[in-house]
Amino acid sequence: MSNAPALDIRGLSAKVADEEISILKSLDLALNPGEIHAIMGPNGSGKSTLAKVLAGHPSYQVTGGEALYLGQSLLDMEPDERALAGIFMAFQYPVEIPGVSIANFLRTALQARLGRGEELDLFDFQDQLLEAMKLLEVEPSFAERPVNDGFSGGEKKRNEILQMAVLKPSLAILDETDSGLDIDALQVVSNGVNTLHKENPEMTILLITHYQRLLDYIKPDFVHVMVDGKIVRTGGPELALELEKQGYVNWKPSS
Amino acid sequence: MADNSTYHSWLNEKRSHAWSVYQSTPTPTTKSEEWRYTDLAKLFPLEQITLEMGLVDSTQRPNREDLIEATNTAGRIQLTDGLVTNIQVDPAVDSQGVGLDSIQNTTHEKYQEIIRTNLCSHVLPPESGKFQALNAALWKDGVVIYVPKNVHVKMPIRGKHTLSTGNSAVCARTLIIAEEGSHVSYVEEFHSDDFSNKSMVSSSVEVVAHRNASVDFVSVQNLGRGIFFQVAQKSLVHRDACVNTLNVNLGSSLSRLDLNTRLLEPGANSKMLGLYFGDKDQHFDHNTSQDHLAPHTRSDLLYKGALDGNSRAAFRGIIRVHSGAQQSDAYQTNRTLLLSEQARADSLPNLEIEADDVKCSHGSTVGQLDPETIFYLLSRGFSRQQAERLIVLGFLGDVMTKLPHGAFRRVVKNVTDAVEQKLRHG
Ligand SMILES: Nc1ncnc2c1ncn2[C@@H]1O[C@H](COP(=O)(O)OP(=O)(O)OP(=O)(O)O)[C@@H](O)[C@H]1O
Ligand SMILES: [Mg+2]
């Protein structure tokens with residue numbers, strides 16, 4: 001168990017649940033505990049679908065393959081079970097929850113992680129939340145705002161990482177967290193992710209991004225190129241630079 | 001000490017008159033626009049309950065005592081089966097001349113005079129409708145709140161209505177008169193057991209806010225099943241005055257609310273808030289109207305609800321900006337969240353505008369729980385049930401955050417607890 005990869009995806013295929021639209025096509029990917037991987041790829045190549053399939057989104061149906069999380073099969077688990085097991089996905093498009101404050105939301109989420117009859121220590125929670133807010137450089141009043149309701153694009157992304165800081169996952173999948181951030185916000189958010197990784201070196205991170213710029217701030221161990229539902233190339237950080245220069249022309253599906 | 005026998009015979013004359021109005025007013029049917037969503041003949045046939053007018057003389061005087069406990073309350077009044085049984089008033093509030101008394105049994109000359117001027121007459125006369133007439137004929141007791149000029153009652157006054165048995169028509173009245181520059185808030189709650197036989201609880205509320213006065217009125221209905229809860233509320237808002245209302249509907253089998261705010265003079269404004277949560281076969285019908293009769297008046301209505309099981313809600317709201325009421329702002333929003341496939345909501349917002357320089361908007365939505373929102377919460381480790389609860393409480397809680405004062409913390413907590421209770425059993 002201890003030497004099992006954090007995430008081991010073998011021949012994973014998936015389609016839209018009630019339509020015959022295949023998106024993931026026998027995809028392979030393995031992440032060892034503590035590693036940082038980046039996935040890059042053209043629009044529509046299936047990056048978000050991969051993230052959502054790993055999180056258990058009901059719009060997609062797995063048609064083949066396996067996804068093991070620390071040696072345990074993910075695909076039969078409910079989305080909430082996956083979250084409780086330590087998987088976190090930062091959404092490309094976070095949803096708004098009117099009337100539910102961030103503080104209330106996170107308190108309830110942490111409470112859900114405790115066993116029956118166990119009560120969350122509210123002082124500890126306050127401390128944790130304040131620390132996370134300091135890390136993401138948001139005002140304390142931020143926690144009183146309803147989750148993503150009326151937030152700017154950048155605030156929504158910050159809020160995703162704020163949640164990550166409080167929920168402390170062991171596998172974090174960040175789907176285009178850098179999109180919509182200005183350069184200052186990008187630094188703050190990247191610095192936040194790096195700090196969390198330093199605090200917990202066992203935490204595995206999968207970054208989905210279009211921009212090499214993010215990888216200047218968060219140094220990946222591996223970079224993968226995803227085209228048409230599968231990983232077509234894997235390399236080190238230098239691969240991102242190459243992509244930045246050449247684009248994806250060399251990997252367009254030959255059809 | 002006032003002459004109670006003339007006072008009582010005056011009240012009885014009003015009742016007799018209302019009874020004749022009741023008898024000559026036809027029972028509303030779905031043919032009438034205002035009742036199109038609620039078929040009384042099917043849901044609550046009036047023939048099935050005994051309705052008899054009886055004259056009321058001195059009933060038992062309620063117990064009256066000082067409120068000693070340091071609660072966040074200025075006064076408390078308790079009604080059982082429509083009769084005031086207990087009154088407690090904070091002596092500090094009492095000494096400012098604030099009246100909290102039984103309408104039927106008050107011996108206070110000033111309050112009797114206030115009642116004679118206002119009860120069942122220029123605010124909510126029996127001619128307003130079948131049920132308004134019924135209530136005006138059958139009521140035995142009610143609450144009168146009188147706030148003298150420039151007196152601010154900081155903490156809310158609380159009223160509690162309970163029922164001892166079913167199979168009856170309990171009619172109660174509430175009269176709130178706020179003199180110039182005064183402030184008061186009143187929170188009433190209706191509770192009872194479930195009843196197997198059909199029972200009716202009727203409440204008529206008359207509010208007058210004189211110049212620059214402000215009145216907050218909150219009503220929380222959590223009656224048992226088997227009950228038809230019928231409400232008529234009318235507020236008259238004078239120059240620069242403000243009347244805010246919140247009506248919470250959680251209990252009863254059938255409820256029908258007729259709510260009207262009349263902004264009579266410039267500067268008058270009103271927030272009308274509503275919240276409902278239906279389950280099983282509950283049926284809620286809200287019929288609201290916002291009348292702007294003077295320029296520079298403002299009204300803002302927000303009614304939100306969630307419906308589970310086979311429950312059903314109807315909302316029919318109208319904004320009327322009368323001619324000459326220029327530069328008025330009037331808003332109206334009704335939103336319902338359907339939690340089951342069988343639940344149903346009908347919403348009919350309406351505008352009648354006879355002035356040309358006004359800001360008005362109205363809108364309504366009926367929606368389901370958004371699967372993307374549920375997934376977002378699941379992906380944070382919430383169970384499906386927790387996710388739904390959080391979304392529903394957030395959706396409804398939004399209404400309560402618009403309550404103007406922190407003084408309502410207890411109401412917010414009680415309502416939240418009651419909604420959670422229903423969510424758990426739904
Ligand atoms: N629920 C769905 N129904 C129909 N088609 C879908 C659905 N979800 C995804 N797709 C399609 O699958 C393909 C992959 O979508 P996905 O969002 O995974 O791409 P992506 O790589 O994240 O793109 P981007 O870089 O633009 O975010 C797209 O063509 C998309 O339109
Ligand atoms: Mg995407």
Side-chain angles (χ1 to χ4, degrees), chain A residues 17 51-60 77-102 104-114 116 144-150 156 159-160 162-164 166-169 171-173 175, chain B residues 246 248 273-277 302-306 333-337 339 363 365-403 406 408-409 412-413 415-417 419-420 423-424:
Chain A
K52 287 193 234 174
V53 165
L54 294 173
H57 197 291
S59 293
Y60 304 99
M77 291 164 74
E78 292 298 322
D80 49 330
E81 292 173 333
R82 301 182 198 201
L84 298 182
I87 296 180
F88 176 88
M89 170 169 82
F91 284 55
Q92 181 175 2
Y93 304 109
V95 300
E96 305 185 355
I97 315 176
V100 179
S101 72
I102 291 177
N104 182 15
F105 175 84
L106 284 172
R107 192 174 347 103
T108 317
L110 282 180
Q111 180 68 51
R113 281 159 172 73
L114 299 177
R116 257 194 193 288
E144 295 313 314
R145 293 178 63 182
V147 179
N148 297 326
D149 191 12
K156 285 183 182 172
N159 184 26
E160 293 295 286
L162 179 77
Q163 292 173 39
M164 174 179 162
V166 172
L167 299 178
K168 302 197 190 315
L171 171 63
I173 303 164
D175 190 359
Chain B
L246 167 65
V248 180
L273 303 171
L275 201 155
Y276 44 96
F277 190 116
L302 177 64
Y303 269 68
K304 276 181 139 182
T333 309
N334 173 225
R335 296 194 193 292
T336 308
L337 195 54
L339 305 179
T365 57
V366 177
Q368 270 110 16
L369 285 169
D370 170 34
E372 288 302 321
T373 311
I374 302 244
F375 177 68
Y376 189 74
L377 287 156
L378 293 177
S379 81
R380 299 303 184 244
F382 293 78
S383 67
R384 193 161 295 270
Q385 205 189 12
Q386 285 171 324
E388 290 187 6
R389 183 182 309 174
L390 206 68
I391 296 169
V392 172
L393 288 175
F395 176 79
L396 298 177
D398 168 43
V399 172
M400 287 185 286
T401 62
K402 298 202 161 47
L403 277 181
F408 294 110
R409 210 164 298 155
V412 173
K413 171 133 188 14
V415 170
T416 310
D417 289 351
V419 169
E420 286 213 44
L423 274 166
R424 233 180 311 243

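Both backbone and side-chain heavy atoms feed into the values below; hydrogens, waters and symmetry mates do not. Convention: sequence-line order gives letters A, B, ...; per-chain numbering from 1.
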Closest-packed option against chain B by number of heavy-atom pairs under 4.5 Å, given [options]:
options                     : answer
A:V147, A:L106, A:T108      : A:T108
A:A55, A:A112, A:A85, A:P79 : A:P79
A:H57, A:E81, A:M89, A:Q111 : A:H57

Minimum heavy-atom distance [X]-[Y], with the two atoms named:
X      : Y      : value
A:V100 : B:G394 : CG2-CA, 3.8 Å
A:I97  : B:Y376 : CD1-CD2, 3.9 Å
B:G381 : A:L84  : O-CD2, 3.6 Å

| request: Please name all residues satisfying salt bridge (Lys or Arg N to Asp or Glu O under 4.0 Å) with A:K156, sequence neighbours left out, ordered by chain then number. | output: A:E96

| said: Restricting to side chain to side chain donor-acceptor pair (under 3.5 Å), what partner residues turn up for B:S379, sequence neighbours left out? | reply: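 With neighbours one apart ignored, the set is empty.
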
Of the backbone (N, CA, C, O) and the side chain (C-beta and beyond), which part of [X] lies under 4.5 Å from a heavy atom of chain B, both, or neither?
X      : answer
A:F105 : both
A:P94  : both
A:R82  : neither
A:N104 : side chain

| Among B:L393, B:I391, B:L377, residue most engaged with chain A (heavy-atom pairs, under 4.5 Å) |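 With the most close heavy-atom pairs to chain A, the winner is B:L377.
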
| request: Working to the nearest 0.5 Å, report the span between CE of A:M164 and CZ of B:R380. | output: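 Rounded to the nearest 0.5 Å, the CE-CZ separation comes out at 10.5 Å.
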
| Just checking heavy atoms, which of residues 365-375 of chain B are less than 4.5 Å from chain A? | B:E372, B:T373, B:F375

| Please, which pairs that meet salt bridge (Lys or Arg N to Asp or Glu O under 4.0 Å) have at least one residue in residues 381-398 of chain B, sequence neighbours excluded? | B:K304-B:D398, B:R389-B:E420, B:D398-B:K402

| request: Sort B:F395 into side chain, backbone, both or neither according to what part of it lies under 4.5 angstrom from a heavy atom of chain A. | output: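 Answer is backbone: N, CA, C or O of B:F395 sit under 4.5 Å from chain A.
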
